[in-house]
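Counting convention: from 1, in listed order, for ligands and their atoms alike.
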Amino acid sequence: MKISILTLGFGLLTFIDSTLAYPGIRNTIREIEKRVAQTPPDGNNDGSTPPVLIGDLKNGIRTPVGQTIANILLKTESGQSSEAGYTPPIIGSKKCKQDTCCVWWYVSQALTIIFKGPSGRCNKNARAAVRLGFHDAGTWSQPLADSGSDFGGADGSIALSSDEINRGENNGLQDIIGKMKIIKATFGVGMGDLIQFAGIHATVTCPLGPRIRFFAGRKDSSKSAPNNLLPGVNDSADKLIQLFQDKTIAPHDLVALLGAHTTSQQFFVDPKRKGEPQDGTPGIWDTLFYNQTMGTGPLPKKVFRFASDIVISQDSRTKSEWVQFAGPGGQSHWNDDYAHSYIRLSMLGVNNMNSMTECTKVLPAAQSTFKGAGELLVEE
Ligand code: HEM
Ligand SMILES: *[C@@H]1O[C@H](CO)[C@@H](O)[C@H](O)[C@H]1NC(C)=O
Ligand SMILES: *[C@@H]1O[C@H](CO)[C@@H](O)[C@H](O)[C@H]1NC(C)=O
């Protein structure tokens, strides 16, 4: 019995070995890379700047997971997935340790408890987690990386460095960073992965939010990210568009990402109006934010619009996309685009995408309807 399993195992290894050694395989991989590079952008790209590869994928797509992430970055494959039905081994067991996704299932259970409010909407922890995902990953730029400073990005440094937590732009994130530290200590996961997982988990926790695919395997860093790479609320459209373009995030992708303000509240832009939301339905991932930022319809007094959102809603490079998200069919168009754009954001500064593992299957299910979604004002 033992012998036959061994023989089988050995046979399999020899088979894999000889497949890799087969000279044709390199050409095949090169052929796939070429084809992916030539794939014309699909409808989701909306005629904006064609998407580019980033990180290690620029130097070669070497694995199936690298291929999947490349397809998502180039928008030839969906950034959302409903893959589910995973039952993990017991936490702490040898089986669990051997299965990359196992621990994430347990982290997911913990996050559901802290992200879901009593009314079924996503709560303040979830909102903070979405913002945290952006503020950790957003501190990276392709031109800076090209000039030798390829650090920052989705590396956990917002929580692991000594000073990022004290930067003005990160005001309000201290509490969620504390919670991330506890979860990291409890489950022994990487901080860069945890922060992106939390952002993705929070998004699907919000009613109507997309179920964004999650890939694990980021390398952590405690080195402080470069300064001046996060946007300011009073920045001009030119400045904002350039800032995101430098992160390889095209104008239309910026419009999609800004929709995260559908769930948000402000505390520091105008402290006198502390806690005011950016649309009438905070905690619901609906498209009302796009309508209300345009200011064409009735606006509840409580809604606090950011100057940065207003200038992007009006700029000629971004306005048409903004109007589309607000209009009929906007929700599924936006969810599609947000998933693509968020995965790109969550991979900034990541240079080992070829060796990551997809663990989307551990996420909770998406919730595609909710009472009060899209209506003028839901009381918190
Ligand atoms: C032009 C780009 C952006 C600007 C200028 C901007 C600015 C801001 C400001 C000023 C706040 C309020 C902070 C406070 O006073 O408490 C805020 C909150 C928030 N932002 Fe952004 N943001 C931008 C892009 C993004 C992106 C790309 C995301 C996520 C993908 C995001 C997610 C959030 C969330 C979820 C909150 C709410 C946090 C909470 O309720 O605790 N933002 N943003
Ligand atoms: C943005 O502009 C407003 C209005 O002029 C001002 O009150 C606020 O302090 C500015 N905020 C920042 C961060 O510069
Ligand atoms: C939102 O804006 C779009 C496009 O302007 C419009 O078609 C739609 O009726 C608006 N919806 C609401 C709820 O105001």
Side-chain angles (χ1 to χ4, degrees), residues 79 114-115 117 121-140 154 158 167-177 179 195-196 198-203 205-206 209-210 212 228-247 249-279 281-285 289 293 303-315 317-318 322 334-335 337-348 380:
I114 66 166
F115 285 167
R121 279 173 277 150
C122 54
N123 64 15
K124 72 175 172 72
N125 293 325
R127 293 195 279 274
V130 171
R131 187 163 198 231
L132 183 66
F134 168 44
H135 281 217
D136 190 34
T139 53
W140 183 90
I158 196 168
R167 295 181 185 175
E169 67 231 28
N170 292 332
N171 240 342
L173 293 175
Q174 291 81 359
D175 185 66
I176 191 71
I177 288 175
K179 291 187 166 69
I195 287 175
Q196 295 313 318
I200 286 172
H201 194 296
T203 304
T205 304
C206 302
I212 302 167
N228 304 319
L229 293 177
L230 288 172
V233 73
N234 292 332
D235 288 347
S236 67
D238 275 346
K239 172 148 189 215
L240 293 171
I241 287 172
Q242 187 61 51
L243 194 65
F244 279 81
Q245 195 82 68
D246 284 349
K247 304 181 200 308
I249 294 171
H252 284 191
D253 294 324
L254 169 58
V255 175
L257 287 174
L258 281 181
H261 291 160
T262 183
T263 107
S264 69
Q265 291 177 329
Q266 73 86 26
F267 296 87
F268 300 100
V269 181
D270 184 348
K272 289 194 299 298
R273 298 179 62 182
K274 195 164 115 182
E276 290 188 347
Q278 280 61 69
D279 80 357
T281 52
I284 304 178
W285 203 268
F289 160 78
T293 300
V303 171
F304 185 104
R305 296 183 298 158
F306 292 150
S308 49
D309 290 336
I310 295 176
V311 295
I312 295 297
S313 76
Q314 293 172 347
D315 189 88
R317 289 159 287 186
T318 42
W322 198 284
W334 172 44
N335 280 13
D337 287 8
Y338 186 89
H340 275 132
S341 308
Y342 193 83
I343 291 174
R344 174 176 292 278
L345 178 64
S346 78
M347 294 299 184
L348 297 182
E380 185 58 343

Residue and atom name of the nearest protein heavy atom (relative to [atom]), distance in Å to one decimal:
| atom | value |
| --- | --- |
| atom 36 (C) of ligand 1 | S264 CB, 3.2 Å |
| atom 35 (C) of ligand 1 | R127 O, 3.2 Å |
| atom 21 (Fe) of ligand 1 | H261 NE2, 2.1 Å |
| atom 2 (C) of ligand 1 | P231 CG, 3.3 Å |
| atom 29 (C) of ligand 1 | A260 CB, 3.5 Å |
| atom 11 (C) of ligand 1 | F306 CZ, 3.3 Å |
| atom 30 (C) of ligand 1 | Y338 OH, 3.2 Å |
| atom 5 (C) of ligand 1 | S308 OG, 3.3 Å |

Does the side chain of [X] reach to within under 4.5 Å of the side chain of [Y], using non-hydrogen atoms?
| X | Y | result |
| --- | --- | --- |
| W322 | L258 | yes |
| L230 | T139 | yes |
| F244 | P231 | yes |
| H252 | D337 | no |
| K247 | L229 | yes |
| D235 | S308 | no |
| N125 | D175 | yes |
| N171 | F267 | no |

Could you pull out, from E276, R131, Q278, the option with a heavy atom nearest to atom 18 (C) of ligand 1?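 Result: the heavy atom closest to atom 18 (C) of ligand 1 is in R131.
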Give the single entry among N171, L257, I176 that approaches atom 27 (C) of ligand 1 most closely by any heavy atom.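 Selected option, by shortest heavy-atom distance: L257.
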Number the atoms of ligand 1 from 1 as they appear, then name those within less than 4.0 Å of a heavy atom of [X], with their elements.
| X | value |
| --- | --- |
| F268 | 14 (C), 15 (O), 16 (O) |
| L240 | 1 (C) |
| L258 | 1 (C), 2 (C), 3 (C), 23 (C), 24 (C) |
| G232 | 5 (C) |
| F267 | 14 (C), 15 (O), 16 (O) |
| V269 | 10 (C), 15 (O) |

Assign the ring pair W285 / W334 to parallel, tilted or perpendicular, where the plane angle (0 to 90°) is split at 30° and 60°.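 Rings of W285 and W334: parallel, as their planes differ by under 30°.
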Go through I249 and L257 one step at a time and tell me if the side-chain contact (heavy atoms from CB on, under 4.5 Å) criterion holds. CA-CA 10 Å; I249 294 171; L257 287 174; 4.1 Å; yes
Between T262 and I284, does the side-chain contact (heavy atoms from CB on, under 4.5 Å) criterion hold? Intermediate values first, please. CA-CA 7 Å; T262 183; I284 304 178; 5.9 Å; no
Using side-chain contact (heavy atoms from CB on, under 4.5 Å), reason through I312 and I241 one step at a time and then give a plain yes or no. CA-CA 8 Å; I312 295 297; I241 287 172; 4.1 Å; yes
Distance under 4.0 Å, heavy atoms only, partner ligand 2: which residues pass?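 Contacting ligand 2 under 4.0 Å are N234.
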One residue to check: F304. Relative to ligand 1, which of side chain, backbone, both or neither has a non-hydrogen atom less than 4.0 Å away?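 For F304, no heavy atom sits under 4.0 Å from ligand 1.
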Could you establish whether Q265 and ligand 1 come within less than 4.0 Å of each other, counting only heavy atoms on the residue side?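 Yes, Q265 has heavy atoms under 4.0 Å from ligand 1.
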Verify whether one side chain among D238 and Q242 offers a donor that lies under 3.5 Å from an acceptor in the other.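 No, Q242 and D238 have no side-chain donor paired with an acceptor closer than 3.5 Å.
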Does Q266 use its side chain to pair, donor to acceptor, with the backbone of P277 at less than 3.5 Å?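 Here the side-chain-to-backbone pair does not exist.
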Worked check of side-chain contact (heavy atoms from CB on, under 4.5 Å) between T203 and Y342: CA-CA 10 Å; T203 304; Y342 193 83; over 6 Å; no
